[in-house]
Amino acid sequence: MTTLKAVRGTRDLLPAETGLWNRIEATARQVFARYNFGEIRTPVFEDTTLFARGVGEETDIVSKEMYTWEDRARAQSEKTQSLTLRPENTAGVVRAYIEHKLGETGQLQKLYYIGPQFRRERPQRGRYRQFSQIGAEVIGPVSAGSESPLRDAEVLEMLATLLDELGISGWVLKLNSVGSATDRPKYIETLRAALLPVVGQMCPDCQRRAETNPLRVLDCKVAEDQPFIDALPKIADSLDQASRDHFAQVCAALDAAGVPYERDHRLVRGLDYYTRTTFEFTHGGLGAQNALLGGGRYDGLSELIGGPKAPGIGFAMGEDRLVLTLQALESTKITLLDTKIDAYIAPLGEAQNPAALQLARELRRQGLSIELGDGSFRLKKSFEAADKVARAIILLGEDEAQSGILTVKQFSSGMQTKVARADLAAHLTASRI
RNA sequence: GCGGCUAUAGUUCAGGGGCAGAACGCCUGUCUGUGGCACAGGAUGUCGUGGGUUCGAUCCCCACUAGCCGCCCCA
């Protein structure tokens with residue numbers, strides 16, 4: 001019989017790793033709360049149409065990376081429906097915003113999510129077929145200020161804070177504006193025209209991109225192409241006055257808040273819905289998948305999927321990549337090592353097992369983390385087992401059971417003391433430091 | 001989807017056409033209530049899967065699968 005394994009591009013996260021995952025998520029929730037974001041949980045699968053319309057039919061994500069299937073009809077009256085595992089979460093959030101008429105509240109909606117996403121790409125370090133994103137969206141009617149450049153700047157400032165509090169040092173914020181829904185096609189035409197005479201001398205990928213998606217030419221990393229790319233018209237020059245002003249105000253607010261960023265004229269993003277502000281936080285430790293997070297403004301997305309005008313801005317961070325980055329940082333290793341439980345109870349002889357469970361229950365109910373050994377273990381084995389997981393060992397033998405005075409040894413100091421049962425919890429708590 | 005590298009013990013890895021190796025970890029004993037050290041002993045495994053060449057394949061060849069690296073793209 002062949003042994004079953006996790007399918008390609010998916011993986012199990014074992015306790016050694018989930019500790020870090022939980023810490024990241026807890027930090028994110030805490031930061032989001034300070035900025036008045038609330039959590040939203042949308043289904044992991046949606047009607048395929050949502051992604052086709054929202055993310056864009058021609059994007060790689062929709063055209064070749066989605067897990068899509070026909071959900072069969074279970075009755076004559078039912079129709080089959082094409083469903084898709086979500087490849088990203090913004091479309092789902094906007095769908096929920098429309099469906100629950102959140103715009104009718106008149107309030108700006110600040111929503112965050114944490115959860116798995118699915119794309120059928122070739123797996124690589126930092127790139128999995130099931131991966132987790134932590135993201136947030138600020139969306140609402142224009143009257144609620146959803147279009148304000150201050151919203152963009154606040155989101156970016158929040159991200160800088162979050163990365164700092166996670167302990168990720170050395171991130172770089174790259175910022176650009178791709179202009180309004182009318183600026184963008186205008187620029188694409190300008191770019192196409194400028195590429196026409198030179199593209200023949202560029203790399204094969206660029207020749208293809210010049211046809212399919214000229215914006216992506218700007219992303220090319222081939223050294224010989226760089227002079228050509230530098231000479232191309234910049235998108236900044238194709239922006240209308242409103243977009244320019246908007247972007248200038250985003251920058252001004254970031255400057256005032258002291259958030260460092262790099263203006264990157266070449267930053268274009270792969271999802272069709274982005275307008276005006278786009279950004280990326282990168283980190284050098286990630287290899288080819290160097291984007292920790294990406295995002296931008298999507299002023300027309302709601303209308304694209306049949307909703308009211310609801311400008312917004314959001315981002316998605318690759319949680320798997322945050323984990324990889326943090327695992328590479330020395331400080332994380334140190335803090336994660338220091339996660340021992342409060343005590344290990346060693347019953348001396350199997351006769352003490354029931355009493356040991358009783359003691360464990362008592363201490364655990366007082367909030368202590370306790371591991372319970374077994375009376376059949378030899379004392380040496382108990383000590384070895386205890387030292388691996390706990391800061392202290394509690395010996396429970398006949399003497400202790402009768403006297404109610406327990407023997408407690410702290411591993412760090414080697415100090416051994418006799419502690420009355422009633423004082424045990426306080427004693428162990430005090431030794432936490 | 002394309003190209004490259006890799007796959008041997010729980011882990012990290014060495015090896016090489018003829019009994020499968022090291023280190024660390026694990027288990028036992030020296031040692032019936034005081035561990036970490038030391039000493040002595042022990043268990044590891046379809047050598048990724050399936051074919052082929054060969055008297056014989058873990059080793060050579062082919063295919064597949066998976067991981068990693070690069071491309072594409074993205075988080």
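A, B, ... follow the sequence lines: proteins, then strands. Residue 1 opens every chain. These figures come from a predicted structure and were not determined experimentally.
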Response to the item:
A:Asn353 meets the side chain to side chain donor-acceptor pair (under 3.5 Å) criterion, sequence neighbours left out, with none

Practice prompt. Can you tell me, in whole Å, how much space there is between the C1' of B:C61 and that of B:C72?
Written response: 32 Å

Item to complete: Report the residues that fulfil side chain to side chain donor-acceptor pair (under 3.5 Å) with A:Glu154, sequence neighbours left out, ordered by chain and then residue number.
Response: A:Arg151

Worksheet item: For A:Gln207, which residues count as a side-chain contact (heavy atoms from CB on, under 4.5 Å) partner, sequence neighbours excluded?
Response: A:Val199

Discussion item. Distance check, P atoms only: B:A7 and B:C62, in whole angstrom units.
Written reply: 15 Å

Fill in: Touch class at under 4.0 angstrom, heavy-atom based, for A:Leu348 against every strand present
base

Discussion item. According to ring-ring contact (aromatic ring centres under 6.0 Å, His included), who are the partners of A:Phe383, at least two apart in sequence or on a separate chain?
Written reply: none

Worksheet item: When rounded to the nearest Å, what value does the distance between C1' atoms of B:G1 and B:C60 take?
Response: 31 Å

Worksheet item: Can you tell me how far C1' in B:U30 sits from the matching atom in B:C24, rounded to whole Å?
Response: 23 Å

Worksheet item: Taking the inter-plane angle between the rings of A:Phe45 and A:Trp69 on a 0 to 90° scale, is it parallel (under 30°), tilted (30 to 60°) or perpendicular (over 60°)?
Response: perpendicular

Protein N or O to nucleotides 24-30 of chain B N or O, pairs below 3.5 Å:
residue	atom	partner	partner atom	Å
B:C26	OP1	A:Lys388	NZ	2.5
B:G29	OP1	A:Arg378	NH2	3.0
B:G29	OP2	A:Arg378	NH2	2.9
B:G29	O5'	A:Arg378	NH2	3.2
B:U30	OP2	A:Arg378	NH2	3.4
B:U30	O4	A:Lys380	NZ	3.3

Discussion item. Angle between ring planes, A:Tyr273 versus A:Tyr298, binned at 30° and 60°: parallel, tilted or perpendicular?
Written reply: perpendicular

Worksheet entry | Contact nearer the 5' end of RNA chain B, comparing A:Arg125 with A:Met317 | A:Arg125

Item to complete: Could you give the distance separating B:C31 and B:A38 at their C1' atoms, to the nearest angstrom?
Response: 13 Å

Discussion item. Just to be sure I follow the notation: if a pair is Watson-Crick (purine N1 to pyrimidine N3 plus N6-O4 or O6-N4) or a G-U wobble (N1-O2 and O6-N3), each under 3.5 Å, what dot-bracket string does RNA chain B give, with | for pairs to another strand?
Written reply: (((((((..((((....[..)))).(((((.......))))).....(((((..]....))))))))))))....

Item to complete: Provide the distance between the two P atoms, one in B:A40 and one in B:A23, to the nearest whole Å.
Response: 13 Å

Worksheet item: How far does the C1' atom of B:U49 sit from the matching atom of B:U44, given to the nearest Å?
Response: 22 Å

Worksheet, complete the sentence: Whole-Å distance, A:Tyr112 OH to B:A75 P, equals 21 Å

Response to the item:
When A:Leu395 and A:Arg8 are each assigned the nearest nucleotide of RNA chain B, the 5'-most assignment goes to A:Leu395

Worksheet item: Base, sugar-phosphate, or nothing for A:Tyr128, non-hydrogen atoms under 4.0 angstrom?
Response: base

Item to complete: Spell out protein contact along nucleotides 5-12 of chain B as letters: B when the base is contacted, S when just the sugar-phosphate is, - when no protein heavy atom is under 4.0 Å; keep the 5' to 3' order.
Response: --------

Discussion item. Restricting to side chain to side chain donor-acceptor pair (under 3.5 Å), what partner residues turn up for A:Asn22, sequence neighbours left out?
Written reply: none

Discussion item. Expected output is a numbered-order residue list: members of residues 403-430 of chain A with a heavy atom under 4.0 Å from any atom of RNA chain B. What is it?
Written reply: A:Thr407, A:Lys409, A:Phe411, A:Gln416

Discussion item. Please enumerate all residues that pass ring-ring contact (aromatic ring centres under 6.0 Å, His included) together with A:Tyr112, with sequence neighbours excluded.
Written reply: A:Phe32

Worksheet item: Who passes side chain to side chain donor-acceptor pair (under 3.5 Å) against A:Tyr97, sequence neighbours left out?
Response: none

Discussion item. Counting the atoms with a prime plus P, OP1 and OP2 as sugar-phosphate, which does A:Glu400 contact under 4.0 Å by heavy atoms, base, sugar-phosphate, or nothing?
Written reply: base

Could you list the donor-acceptor pairs under 3.5 angstrom formed between side-chain atoms of residues 7-16 of chain A and any protein atom two or more places apart in sequence or on another chain?
residue	atom	partner	partner atom	Å
A:Thr10	OG1	A:Val7	N	3.3
A:Thr10	OG1	A:Val7	O	2.6
A:Arg11	NH2	A:Asp320	OD2	2.6

